Amino acid sequence: MKKRYLVTAALPYANGPLHIGHLAGAYLPADIYVRYLRLMGKDVVFVCGSDEHGAAITVKARKEGVTPREIVDKYNAILKDTFEKIGIAFDMYHRTSEPIHHETSQGFFRRLNEKGEFIEETTEQYYDEVANQFLADRYIIGTCPVCSNPDAYGDQCEKCGTTLSPTELISPRSTLSGSTPVKRPTQHWFLRLDQHENWLRQWINTGELEGVALHNPNEWKNHVLGQCNSWLEQGLQPRAMTRDLDWGVDVPQELPGSAGKKLYVWLDAPIGYISATRQWALDHGRDWEPYWKSEDTALIHFIGKDNIVFHCLIFPAILKAHGEYILPVNVPANQFMNLEGRKISTSRNWAVWVHEYCQELPGQEDALRYNMVKNMPEQRDSEFTWKGFQETTNTELVNNLANFVNRVLVLTQKYYEDGCAPQFDAARPFKSGWGVETEGNYAAELRRIREHLLEMGREIERFNFREALRLLMEVSSAGNALLQFNEPWRTVKEDPETVRTVLHLGLQYVAALSVAARPFLPFSAERLRKMLALPPLEDQGDLEAMLAVLEKGEPLLPAGHLLGVAGHLFSRIPDEVIAAQMAKLESADAQNAAAAAAAAPKTINYAPMKDIIQFDDFAKMDIRTGKILTAEKMEKSKKLLKLQVDLGFEQRTILSGIAEHFTPEEVLGRQVVVLANLAPRPMMGVESQGMILMAEDQDGKLSFVSPQEGWPSGFGVR
RNA sequence: GGCGCGAUAGCUCAGCUGGUUAGAGCGUGCGAUUCAUAAUCGCAAGGUCGCGAGUUCAAGUCUCGCUCGCGCUACCA
């Protein structure tokens, strides 16, 4: 057991609101874990914050005609408010635009630079000659090579989701000036990740660093280890830690060549965890350093699977390179949550937005949390459906949990007019709620609850939140069974003594739930406290203290305790609400379809004309007729066909990127037109000696360009 | 193409280092019950553990091949 915990949840990017996938992926598991630790009296700090830098934000600002500052202020406010409303209890929700963060990340940069962790390298990047600046990937749009979307960004096509680099775009253009960008050399700082590969491999797979055991890799999730090893096996390459950007943390200005350079997200966002911790310490008069630099601290990152490599390899490399920091003891990444059978998509508005949920289903925050846990993508992608949400909420939360609480309180207040927990005989036997036809006894029953909650805690510690939630709910079921087996409504006249004992015990179940449910259902737990007229939880050791009382077989709520007002802990989700939410999703979908249909005819995006050339330029090209003699799929390639082409006077081996459009059989014997004097180029170990000319339409479909049937090979085209 | 992860009851998912009749929740059927938001409790039915081989006394669990889904990654002269 570590002495203290530092828990982080992925920094949300401040250019959009939060959807259920984010919640189920990172924030909710982190929150449950942290709330549990606090209830167990642990020293824990839980940090997060808005990631407010980068080109995507400036692009959005430009589009909306506002400043980047206005964008991040807006979304930071929304995010912060959403987290609060859905009950994510950060100790500090920070933002990367704060000065203390700039200072912290620049400090890292300086330190790494001094320690020789960087190499400075010059690469070619697209440059806008009209706007006079280098272009971030996001500033370049062009035609997607995969789906032919004419407006794909330089880093990603939002239509088909493919990850791209700007050089892959067909006919790239700058979003700043509309001009065609040109490549220019620019110098950047690269982190020598290759030099960290060995210890990272050792550390990931054995948990050992320099002979010291830091964690047990068996406790890490399969897909996390798999993803890391996949990268390690391919070999780590130096990675640029700086970019030519205008919105971000400056590269320390005293360094030569720093003008116009900003820290790349690798050296910006994750260091936000540290900045946030520093700010928390300042606000609370505490020392932040033990949380990041002491070996008896457990550092845990909650993230989605898209962030695994970042948090398991690159950030640890940075921390280790710095030299003073500890490494994460676990990175329990979740997979993705789908929505109604499809991937959640921000750009297509196929999502359930958390702030909208809070607005449209007020008071149902815990129902969402419950459903998120119930369907948490812990080991594989999972599925959220509104129908499932309704069913789960109505059966498990309303029918089982809320109803149990209600029937205990209503029965008690019905039978004991003073509205107090009854005096009772602890030695009185009754039927246990934990098994059919088993005799129970008051103290043993309380210990039974304790054992169950201990098990729940163990599952939380192992990041098995679904299982932990199931165990919690079993307490409620056992409570229901307790009432069912003893039937106080029938025996209250003939055997009032036993009924007192049973109902008093029922109240203990509710009291136990009012503490144990807090990690999952914080709002409901608080309402339970009120119904029981118990003080609000202090959030520091409440569960630990409660378990100690249960262990002694003593009541959590003494006889004579005046209860509060019974009420409905959860309300049923009616069909109309589900129908309305489904309609909302479908209308988003219809809007997308309409937008796509409307855009389709207009987006016959003819490539812009290239610059005028002279006849001499054309004459330099030696274009010849030819015929494909043999064709085979290129080993290990999805796109390349290896062709033998007859040019009459000789044969050529030509590699052509048409494998996704034509099979080797289809192209055999085709007459083609070949650019014959193109410089040979090796690809995948084979030299390509020319280029087959193809026509390409708007959708990226290809067509051979051929002379008339039977035309001889080897003659010129002009 | 390479690599990683996944494929288990109608649905959503657990099954650690291989070991007795493969589990849970929901749904379904039957029964009990009525304090409670037509709630609850019990019992039962339901699976050739993606497909095909192999290792083993023994495989959902290990090995190999294949199919499908998701993710990362390379090649379009």
Side-chain angles (χ1 to χ4, degrees), chain A residues 145-146 161 163 168 170 218-219 221-234 305-306 308-309 335-336 338 343 371 374-385 387-388 391-392 394-400 402-415 433 436-437 459 462 464 466-467 469-471 473-474 477-485 487-490 492 503 506 566-572 633-641 654-661 675 678-686 688-692 694 696 700 702:
Chain A
V146 177
T163 307
E168 290 178 278
I170 300 160
N218 290 335
E219 291 169 2
K221 298 189 185 191
N222 271 344
H223 62 268
V224 173
L225 295 174
Q227 177 87 264
C228 291
N229 280 319
S230 175
W231 268 64
L232 288 167
E233 267 154 43
Q234 284 173 30
K305 69 172 162 185
D306 51 334
I308 289 173
V309 171
Q335 309 243 17
F336 289 154
N338 292 322
K343 277 197 239 194
N371 275 273
K374 172 118 179 150
N375 275 2
M376 192 171 276
E378 290 176 338
Q379 309 293 343
R380 53 170 136 159
D381 290 358
S382 72
E383 174 99 44
F384 177 90
T385 64
K387 190 85 188 59
E391 224 167 71
T392 298
N394 291 352
T395 58
E396 300 181 33
L397 290 178
V398 177
N399 293 352
N400 190 324
N403 185 227
F404 167 62
V405 170
N406 190 241
R407 59 201 299 218
V408 171
L409 287 171
V410 167
L411 280 174
T412 306
Q413 289 172 339
K414 192 184 237 175
Y415 297 152
V436 189
E437 296 298 315
E459 294 299 344
R462 290 182 197 139
N464 294 330
R466 300 168 69 130
E467 179 64 8
L469 182 67
R470 194 185 65 76
L471 288 163
M473 289 304 288
E474 274 188 2
S477 285
N480 272 318
L482 175 75
L483 296 181
Q484 210 57 39
F485 296 154
E487 300 182 299
W489 49 89
R490 206 163 62 173
V492 65
L503 283 185
H568 291 164
L569 195 58
F570 286 97
S571 52
R572 219 163 264 289
K633 277 219 68 162
M634 192 64 186
E635 285 279 312
K636 299 182 176 182
S637 168
K638 195 154 59 182
K639 295 177 180 170
L640 290 176
L641 286 188
I654 296 180
L655 303 185
S656 183
I658 58 174
E660 288 180 318
H661 301 83
L675 180 57
L678 185 64
R681 164 98 181 200
M683 282 185 287
M684 312 205 68
V686 177
S688 178
Q689 304 158 328
M691 175 170 172
I692 307 283
M694 307 290 292
E696 183 177 16
L702 297 181

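In this text the structure is predicted, and so the values were computed from the model without any measurement. So that the names make sense, note that chain A is the first sequence line, chain B the second, and so on, each numbered from 1.
With hydrogens and angles ignored, the 3.5 Å screen pairs no side-chain donor or acceptor of A:T392 with any backbone N or O of A:N371. For A:K221 (side chain) and A:E378 (main-chain N/O), a donor-acceptor pair under 3.5 Å exists by modelled atom type. Remark: side-chain polar atoms of A:E383 are not paired, donor with acceptor, to backbone N or O of A:N338 under 3.5 angstrom. Looking at A:T412, its side chain does come within 3.5 Å of a backbone N or O of A:V408 through a donor-acceptor pair.
Distance, A:L397 CG to B:U40 P: 12 Å, rounded to whole Å. The separation between A:Q227 atom CD and B:U73 atom P is 9 Å, rounded to whole Å. When the P atom of B:G31 is taken as reference, atom CD of A:Q484 falls 17 Å away, rounded to whole Å. Note: CD (A:E233) to C1' (B:C72) measures 13 Å, nearest angstrom. Taking atom CZ on A:F336 and atom P on B:U12, their separation rounds to 20 Å, with Å as the unit. Protein atom CD of A:E437 is 16 Å distant from nucleotide atom P of B:C41, rounded to whole Å. Regarding A:N480, its CG atom lies at a distance of 14 Å from the P atom of B:U37, rounded to whole Å. Atoms CD1 (A:I308) and P (B:G4) sit 14 Å apart, rounded to a whole Å.
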Worksheet item: Run the side chain to side chain contact (heavy atoms under 4.5 Å, CB included) check on A:N399 and A:R572 step by step: do they pass?
Response: CA-CA 9 Å; A:N399 293 352; A:R572 219 163 264 289; 2.7 Å; yes

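Spacing of C1' atoms, B:G69 relative to B:C62, comes out at 24 Å, to the nearest Å. With both ends at atom P, the span from B:A36 to B:G31 equals 24 Å, rounded to whole Å. Rounded to whole Å, the C1' atom of B:U48 lies 13 Å from the corresponding atom of B:A22. Rounded to whole Å, the P atom of B:C51 lies 15 Å from the corresponding atom of B:U67. Rounded to whole Å, the C1' atom of B:A59 lies 15 Å from the corresponding atom of B:C64. Comparing the P positions of B:G4 and B:C11 gives a spacing of 29 Å, expressed to the nearest Å. With both ends at atom C1', the span from B:U17 to B:U61 equals 10 Å, rounded to whole Å. Separation of the C1' atoms belonging to B:U28 and B:A9 is 12 Å when rounded to the nearest angstrom.
Residues satisfying the side chain to side chain donor-acceptor pair (under 3.5 Å) test with A:N403, not counting sequence neighbours, are none. Not counting sequence neighbours, the partners of A:E459 by the side chain to side chain donor-acceptor pair (under 3.5 Å) test are A:R462, A:N464. Partners of A:N480 according to the side chain to side chain donor-acceptor pair (under 3.5 Å) rule, which considers only residues two or more places apart in sequence or in another chain, are A:N400, A:R407.
Taking 4.5 Å as the limit, every side-chain heavy atom of A:K305 sits out of range of all side-chain heavy atoms of A:Q227. Using a 4.5 Å cut-off on side-chain heavy atoms (C-beta onward), A:Q379 and A:N222 make no contact. Between A:F336 and A:D306, some side-chain heavy-atom pair lies under the 4.5 Å cut-off.
Residue A:H223 has its side chain nearest to B:C5 when only B:G42, B:C5, B:A14 are considered. Distance from the side chain of A:N222 is smallest to B:C5 among B:C35, B:A14, B:C5. Side-chain proximity of A:R490 to the nucleotides B:C41, B:U12, B:U33 is greatest for B:U33. Side-chain atoms of A:W489 lie closest to B:U33 of the nucleotides B:C3, B:U33, B:C5. With distances taken from any side-chain atom of A:E383 to the nucleotides B:C35, B:C5, B:C13, the minimum falls on B:C13. In this structure, the nucleotide among B:U33, B:U12, B:C35 sitting nearest to the side chain of A:R466 is B:U12. For A:N375, the side-chain atoms get nearest to B:U12 when compared with the rest of B:U12, B:G4, B:C43.
Using a 4.0 Å cut-off, some side-chain N or O of A:S477 falls inside it from OP1 or OP2 of B:C41.
No contact: A:E378 has no heavy atom under 4.0 Å from any strand.
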Below 3.5 Å between N/O atoms, which protein atoms pair up with nucleotides 7-11 of chain B? Just atom names and distances, please.
from, atom 1, to, atom 2, distance (Å)
B:U8, O4, A:R380, NH2, 3.1

Under-3.5 Å N/O pairs linking protein and nucleotides 24-30 of chain B:
from, atom 1, to, atom 2, distance (Å)
B:G25, O2', A:K374, NZ, 3.0
B:G25, O2', A:E396, OE2, 2.9
B:C26, O2', A:E391, OE1, 3.0

Worksheet, complete the sentence: For RNA chain B, the dot-bracket notation using Watson-Crick and G-U wobble pairs below 3.5 Å, [ ] for pseudoknot-type crossings and | for other-strand pairs, is (((((((..((((.....[...)))).(((((.......))))).....(((((..]....))))))))))))....

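Residue A:N394 holds its CG atom at 9.0 Å from OG of A:S571, rounded to the nearest 0.5 Å. One distance of note links CG of A:L482 with CD of A:E487; it measures 12.0 Å at 0.5 Å rounding.
Take the nearest nucleotide of RNA chain B for A:C228 and for A:K305: the residue whose nucleotide is more 5' is A:C228. Both A:V309 and A:M376 lie close to RNA chain B; mapped to their nearest nucleotides by heavy-atom distance, the more 5′-ward contact belongs to A:M376.
Syn is the glycosidic conformation of B:G46, whose angle stays within 90° of 0.
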